[in-house]
Amino acid sequence: MGRLPLPTGAYNIGRVSFSFEDQTRIEPLDPGRSARRIAVDVWYPAERGASGSRPARYLDVAAFERVIGAEGLKKQLGEASDRVAAGVATHATEDAPFASSLGLAPVLLFSPGGGMIRELYTAQMEELASHGYIVAAMTHSYDGFLSIFPDGSSIAYDSRRWPAIPSFEGVADLNQLEWHTDDILVVLNELTRLNAAPQAAAPFAGHLDLARVGAFGHSFGGVAAAHACQRDNRIRACLNEDGSVAMKPFYLDARGWGMDQPFLLLERPPNTAPLTDADLAQMHVTLERAKEVVARLNEDRDRALRSTGTGSYRVLLRRDDTTHMDFSDLRVLSAKDDEELEQRMHVLAAIRSYTLAFFDRYLRGAEAPLLDSAKTDPLIQAVMKFAPGKRPE
């Protein structure tokens, strides 16, 4: 059986699943042109020893295989497929009562990477819930390789939702960015509605602190989470996990402004290996032109990080010790031996620690020494802080 890292917080963990609909958007990829649907899991601090509670399932393998087949699921999970098929134990229980010792809890919204599904980030969701956060993780319909809804229905990936791959110089068709950002804001709206509903509607009803909301995401989901912050000031802090388009973690608006909220970019640094002749031929550029573009892209990224009203951080993981997929559970679940498992657990622990520290500082006003030093973990190459920018008039 697969093993995820233990949560480090004091709270037990509950989980409940929802299907949220956005009646303002007709889904063009749905043959029936129905309203946009979003599959969401909400993780939350739970009461200990609740009677009748059952363990939360990691991933409904049978349901996935019915739709995309056993080989299709193996293709998506890669080297982690055997462990996931054998079963992965979570640290959560389904529909557990909310922790009675808590009144209101901060709320976090999570958007997965392109093509990914919410279930494959369970270790991050559990960690935050164990520290007293209510975390809503979504799968973006037609983008995640399969969305499974609580009623057993499903929506599979459709390549028509994915934009063209950005060019080397940063040109991108990001209509999808607005779709995913709308999903994040719909989830926030639905949580707001549930918070005012009777407790029977959701175990956490009445416990969401909607004055302390954060958003984060991995890869393209990190860019979408940042855009949600730009569009909605109900979100008070934003974190992007290794997500960028043309090296930018988000786009500046027409005035050259990023966002009012505090922001953290937690990423692996770009590859700085010298470009080969084959690389240059594939990109159809000269070496001089490539250097010019890379310099501009670096400046564009830093300009974005300097364009926030409360300041921002860029935390760099050591590139040689990490991969883009270390932010998900897949690397831990595909470890071949104990030594590899320990190393990958270490990487995921660092990711979870910086994510928690950032939201603790900006949603709880807590001390967060991790954000002030690069010397706490050998996996961290640098912690850079950018002062608040001046908002354009």
> Should F216 and F358 be marked as a ring-ring contact (aromatic ring centres under 6.0 Å, His included) after you check the CA-CA gap, both sets of side-chain angles, and the distance that decides it?
Replying inline: CA-CA 11 Å; F216 70 120; F358 175 74; 9.9 Å; no

> Which is it for E127 and T8 under the side chain to side chain donor-acceptor pair (under 3.5 Å) test, yes or no, and what are the steps along the way?
Replying inline: CA-CA 6 Å; E127 174 71 355; T8 65; 2.5 Å; yes

>> Applying side chain to side chain donor-acceptor pair (under 3.5 Å) to Q230 and Q261, what does each step give before you reach the verdict?
In response: CA-CA 8 Å; Q230 292 173 308; Q261 305 95 319; over 6 Å; no

>> If you apply the rule side chain to side chain donor-acceptor pair (under 3.5 Å), what do you find for N12 with E47, and how did you get there?
In response: CA-CA 6 Å; N12 277 18; E47 193 66 17; over 6 Å; no

>> Could you walk me through whether R234 and V213 satisfy the side chain to side chain contact (heavy atoms under 4.5 Å, CB included) test, starting with their C-alpha distance in whole Å, then the side-chain angles of each, then the deciding distance to 0.1 Å, before giving a yes or no?
In response: CA-CA 7 Å; R234 289 180 298 172; V213 177; 5.7 Å; no

> Given R306 and E299, is the salt bridge (Lys or Arg N to Asp or Glu O under 4.0 Å) satisfied, shown in steps?
Replying inline: CA-CA 10 Å; R306 290 193 297 266; E299 177 54 32; 2.6 Å; yes

>> Using the rule given for salt bridge (Lys or Arg N to Asp or Glu O under 4.0 Å), can you reason through R36 versus D183, listing the C-alpha separation, both sets of side-chain angles and the distance that settles it, and then say yes or no?
In response: CA-CA 9 Å; R36 172 76 165 173; D183 287 350; 2.7 Å; yes

> Passes side chain to side chain donor-acceptor pair (under 3.5 Å), D326 versus T322? Steps please.
Replying inline: CA-CA 7 Å; D326 277 310; T322 58; 4.9 Å; no

> Given E94 and R57, is the salt bridge (Lys or Arg N to Asp or Glu O under 4.0 Å) satisfied, shown in steps?
Replying inline: CA-CA 8 Å; E94 292 283 357; R57 179 163 44 189; over 6 Å; no

>> Quick one, K291 with E288, criterion salt bridge (Lys or Arg N to Asp or Glu O under 4.0 Å). Give me CA distance, side-chain angles, the key distance, then yes/no.
In response: CA-CA 5 Å; K291 288 180 178 178; E288 291 72 20; over 6 Å; no

> Under the side chain to side chain contact (heavy atoms under 4.5 Å, CB included) criterion, do R212 and R236 qualify, and how do the steps go?
Replying inline: CA-CA 6 Å; R212 294 186 293 167; R236 302 301 180 90; 5.9 Å; no

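Aromatic pair Y313/Y354: ring centres not closer than 6.0 Å. Taking the ring centroids of H180 and F220, they lie under the 6.0 Å cut-off. If you look at F250 and F263, their ring centroids are closer than 6.0 Å. For F145 and Y157, the distance between ring centers is not under 6.0 angstrom. Between Y251 and H227, a ring centre-to-centre spacing not shorter than 6.0 Å is recorded.
Residue A80 comes nearest to S334 through the heavy atom pair N-CB, 3.6 Å, listed as atom of the first residue, atom of the second, then distance. Nearest heavy atoms, V107 versus L210: CG2-CD2, 4.4 Å. Heavy-atom minimum distance, R352 versus Q124: CD-CA, 4.2 Å. Here the closest heavy-atom approach between residue G309 and residue P388 is recorded as O-CB, 3.5 Å. The two residues A56 and T90 have their closest heavy-atom pair at O-OG1, 2.7 Å. Nearest heavy-atom pair, A63 versus I148, reported as atom, atom and distance to 0.1 Å: CB-CD1, 4.0 Å.
Taken to the nearest 0.5 Å, the CG atom of D300 stands 11.0 Å off from the CG atom of L305. Going from atom CG of D242 over to atom OG of S219 covers 7.0 Å, rounded to the nearest 0.5 Å. To the nearest 0.5 Å, atom NE2 of residue H207 and atom CG of residue L102 are 8.5 Å apart. To the nearest 0.5 Å, atom CG of residue L239 and atom CG of residue L356 are 11.0 Å apart. In this structure, the separation between CG on L264 and CZ on F386 is 11.0 Å, given to the nearest 0.5 Å. In this structure, CD1 in I134 is found 9.0 Å from CG in D209, a value given to the nearest 0.5 Å.
At a cut-off of 3.5 Å, with distance as the only test, a side-chain donor of H218 or Y121 sits close to an acceptor on the other residue. Side-chain contact of D41 with S17: a donor-acceptor pair under 3.5 Å is present, judged by distance alone. E27 and S141 share no donor-acceptor pair across their side chains, judged by distance under 3.5 Å alone. If you check the side chains of N298 and R303, you find no donor sitting under 3.5 Å from an acceptor. Checked by atom type, the side-chain pair H346/D377 shows a donor-acceptor distance below 3.5 Å.
Within 6.0 Å of the CG atom in D151, the count of heavy atoms belonging to other residues, nucleotides or ligands exceeds 12. Heavy-atom neighbours of E367 CD from other residues, nucleotides or ligands within 6.0 Å: at or below the threshold of 12. Counting non-hydrogen atoms of neighbouring residues, nucleotides and ligands closer than 6.0 angstrom, the CG atom of D320 reaches no more than 12 such neighbours.
The only option from V347, L266, L348 that meets the side chain to side chain contact (heavy atoms under 4.5 Å, CB included) definition with F327 turns out to be L266. Screening Q343, R344, M345 for a side chain to side chain contact (heavy atoms under 4.5 Å, CB included) with L341, the sole residue that qualifies is M345. Exactly one of R319, R314, R318 qualifies for a salt bridge (Lys or Arg N to Asp or Glu O under 4.0 Å) with E267. That residue is R314.
Between the side chain of D95 and the backbone N or O of V16 there is no donor-acceptor pair closer than 3.5 Å.
Ring geometry, F18 versus F204: the interplanar angle exceeds 60°, so the pair is classed perpendicular (tilted spans 30 to 60°).
Figure legend: cation-pi geometry between R37 and F20 absent, as NZ or CZ is not positioned both under 6.0 Å from the six-membered ring centre and within 45° of its axis. Both the sub-6.0 Å distance and the 45° axial angle are not jointly satisfied by R83 relative to the ring of Y58.
Electrostatic pairing of E340 and R331 does not count as a salt bridge here, judged by no charged N lying under 4.0 Å from a carboxylate O.
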